[in-house]
Amino acid sequence: MSRHNKKNIAVLDDYQNVAITSADWSPLNDRAEITVFNDHIADEERLLDRLLPFDAVCVMRERTPLPRRILERLPNLRFIATTGGRNASIDLAAARDLGIVVSATGANGSGAPELTWALILAAARHIPTEIASFRSGGWQTTVGRDLSGSTLGVIGLGRIGRQIAKVGLAFGMEVIAWSQNLTDEAAEAAGVRRVEKDTLLRESDWVTLHLVLSERTKGIIGPDELALMKPTAWLVNTSRGPLVDEGALIAALETKRIAGLAVDVFDHEPLAGNHPFRTFGNVIATPHIGFVTENSYRIFYRDTVDNLVAWLNGAPLRVL
């Protein structure tokens, strides 16, 4: 294929500069010009200027939203290769209306549960505080909390929630669960007890969220829910930021209404440099790295290349 006929493909938000080394992109060598962008653009006009020349864009999860108002102004765009099995930040109806194909990939299911437990353990044993003390020449400064014998409340007992519950049981925790459609039988099959939402919030020492973000689940933890939690309880969110009312959460943390927040996801990402979560002493936070593992990236980019090749060939592929 001549250079003139090659497709222009953009790889967006490759923060760690690993997209090209995570998979074999050689099947595209003679058919496409690949441009990798390591930075993130939030300003829509600047984003449009960047994306205008491209026939296809490869997006990493929800890092760059593509709503209708953006898609309508990208006349060259014919293909979006997203990673994972869903992407709530892409207007799929608009893509269909505009004749833009959107493909999905497989995913590694262990990253988010592992990070959830990393955050819970860091909170329980004051790991950030003790590391800071150690690096500054100090020694023991805090007293940790035991997970064994405490109560773990899992909101959303799906694929990830069940993994979280299994580890909680292994730690000797009492594990209770709730979601809108959870049955007693499904909870028992996971070895946990189903309770009502209010009961879970009142009884849990750790409340961890594992729900898909939707209109039904947005803001599912608001001021009323936070008010039910123990003042010694931690809220853990590695799912999606908007599951929690951010304003109510900030107020609860400021007033010590709850003990703390262990979090990996935020309403707007990347998080603003002056956001309160960056300064609160009762927040342990990571920059949405739950899915950021070597194996995840290998799966994501391998399948992305396969999808691009299938699109170029006019072959069937996994679409959203």
(Q) So, taking the atom named CD1 in Ile176 and the one named CZ in Arg202, what distance separates them when rounded to the nearest 0.5 Å? (A) 11.5 Å
(Q) So that I can tick it off, tell me whether Glu62 and Arg240 are bridged by a salt bridge, with the cut-off set at under 4.0 angstrom between side-chain N and carboxylate O. (A) yes
Q. Looking just at side-chain N and O atoms, do Asn108 and Ser110 make a donor-acceptor pair shorter than 3.5 Å?
A. yes
Q | Arg61 bridged to Glu269 by N-O distance under 4.0 Å | A | no
Q. Linking I/L/V/M/F/W/Y whenever their side-chain heavy atoms sit closer than 4.5 Å, directly or via other members, would Ile100 and Val59 fall into one cluster?
A. yes
Q.
If you apply the rule side-chain contact (heavy atoms from CB on, under 4.5 Å), what do you find for Val283 with Leu253, and how did you get there?
A. CA-CA 8 Å; Val283 171; Leu253 293 166; 3.7 Å; yes
(Q) On a heavy-atom basis, which atom in Ala104 and which in Leu320 lie closest, and how many Å separate them? (A) CB-CD2, 3.6 Å
Q. Going by atom types alone, do Asn76 and Asp55 pair a side-chain donor with an acceptor below 3.5 Å?
A. no
Q: Go through the steps for Leu115 and Ile289 under the test side-chain contact (heavy atoms from CB on, under 4.5 Å), then give the verdict.
A: CA-CA 8 Å; Leu115 184 75; Ile289 59 171; 3.9 Å; yes
Q. Are the side chains of Ile221 and Leu226 in touch, meaning some heavy atoms are under 4.5 Å apart?
A. yes
Q: Please check if the side chain of Ser239 supplies one atom and the backbone of Leu209 the other of a donor-acceptor pair under 3.5 Å.
A: yes
Q. Where do Ala259 and Asn282 come nearest, in terms of heavy atoms and distance?
A. O-CB, 3.2 Å
Q) Can you name the closest pair of heavy atoms from Ala56 and Leu308 and give their distance? A) CB-CD2, 4.3 Å
Q.
Go through it in stages, so that I can follow the logic: the residues are Val11 and Trp25, the test is side-chain contact (heavy atoms from CB on, under 4.5 Å), and I'd like the CA-CA distance, side-chain angles, deciding distance and then a yes or no.
A. CA-CA 12 Å; Val11 178; Trp25 293 74; 3.8 Å; yes
Q: Classify the ring geometry between Phe277 and His275 as parallel (under 30°), tilted (30 to 60°) or perpendicular (over 60°).
A: tilted
Q.
Do Arg63 and Asn87 pair up side chain to side chain, a donor and an acceptor below 3.5 Å, judged on atom types alone?
A. no
(Q) Can you confirm whether Trp206 sits close enough to Ser150 that some side-chain heavy atom of one is under 4.5 Å from a side-chain heavy atom of the other? (A) yes
Q. Less than 6.0 Å separating the ring centroids of Phe291 and His288?
A. yes
Q) When clusters are formed by joining ILVMFWY residues with side-chain heavy atoms under 4.5 Å apart, either directly or through shared neighbours, do Val236 and Leu169 land in the same one? A) yes
Q. Are any side-chain N or O atoms of Glu130 and backbone N or O atoms of Arg125, one a donor and one an acceptor, separated by less than 3.5 Å?
A. no
Q) For Ser26 and Asp24, what are the C-alpha separation, side-chain angles and deciding distance, and is it a side chain to side chain donor-acceptor pair (under 3.5 Å)? A) CA-CA 6 Å; Ser26 64; Asp24 178 10; 2.6 Å; yes
Q: Kindly indicate whether the side chain of Asp264, heavy atoms from C-beta on, has any atom under 4.5 Å from the side chain of Asn237.
A: no
Q: Report yes or no: does Arg78 contribute a side-chain atom to a donor-acceptor pair with the main-chain N or O of Pro75 at less than 3.5 Å?
A: yes
Q: Mind listing the closest non-hydrogen atom pair of Pro113 and Ile160 along with its distance?
A: CG-CG2, 3.9 Å
Q. Less than 4.5 Å apart, any side-chain heavy atom of Val265 and any of Thr238?
A. no
(Q) For the backbone of Ala23 and the side chain of Arg298, can you confirm whether one donor and one acceptor N or O come within less than 3.5 Å of each other? (A) no
Q.
Measuring from atom CG of Asp303 to atom OG1 of Thr83, what distance do you get when rounded to the nearest 0.5 angstrom?
A. 10.0 Å
Q. Does Asp14 offer a backbone N or O that forms a donor-acceptor pair with the side chain of Asn38 under 3.5 Å?
A. yes
Q | Pair Arg194 + Glu196, salt bridge at N-O below 4.0 Å | A | yes
Q. In Å and rounded to the nearest 0.5 Å, what is the CG to CG distance from Leu71 to Leu66?
A. 5.5 Å
Q: Check whether any side-chain N or O of Ser133 sits under 3.5 Å from a backbone N or O of Trp139 as a donor-acceptor pair, and report yes or no.
A: yes
Q.
Can you confirm whether Val207 sits close enough to Glu225 that some side-chain heavy atom of one is under 4.5 Å from a side-chain heavy atom of the other?
A. no
Q | Trp234-Val263 co-clustered via ILVMFWY side chain contacts under 4.5 Å | A | no
Q: Would you indicate whether the side-chain heavy atoms of Glu72 and Leu77 approach each other to under 4.5 Å?
A: no
(Q) Do Trp178 and Thr199 have side chains that approach each other closer than 4.5 Å (heavy atoms only, starting at C-beta)? (A) no
Q) Which heavy atom of Arg162 sits nearest a heavy atom of Leu157, and at what distance? A) NH1-O, 3.4 Å
(Q) Between Asn307 (side chain only) and Ala81 (backbone N and O only), is there a donor and an acceptor less than 3.5 Å apart? (A) no
Q) Ser204 side chain to Leu201 main-chain N or O, any donor-acceptor pair under 3.5 Å? A) no
**Q.** hydrophobic_cluster_shared for Phe37 and Leu74, side chain cutoff 4.5 Å
**A.** yes
**Q.** N-O pairing of Asp39 and Arg50 below 4.0 Å
**A.** yes
Q: Look only at the side chain of Thr116 and the backbone of Ala112, and say whether a donor-acceptor pair between them is shorter than 3.5 Å.
A: yes
(Q) Quick check for you: to the nearest 0.5 Å, what is the distance between Arg318 atom CZ and Asp306 atom CG? (A) 12.0 Å
**Q.** Residues Glu188, Arg193: salt bridge by 4.0 Å N-O rule
**A.** no
Q. In Å, rounded to the nearest 0.5 Å, how long is the span from OG1 of Thr151 to CD of Glu203?
A. 6.5 Å
Q) Same cluster for Ile9 and Val57 if Ile/Leu/Val/Met/Phe/Trp/Tyr side chains link at under 4.5 Å? A) no
Q | Donor-acceptor contact below 3.5 Å, side chain Asp245 vs main chain Gly247 | A | yes
Q) Do Leu211 and Ile155 come close enough that some side-chain heavy atom pair is under 4.5 Å? A) yes
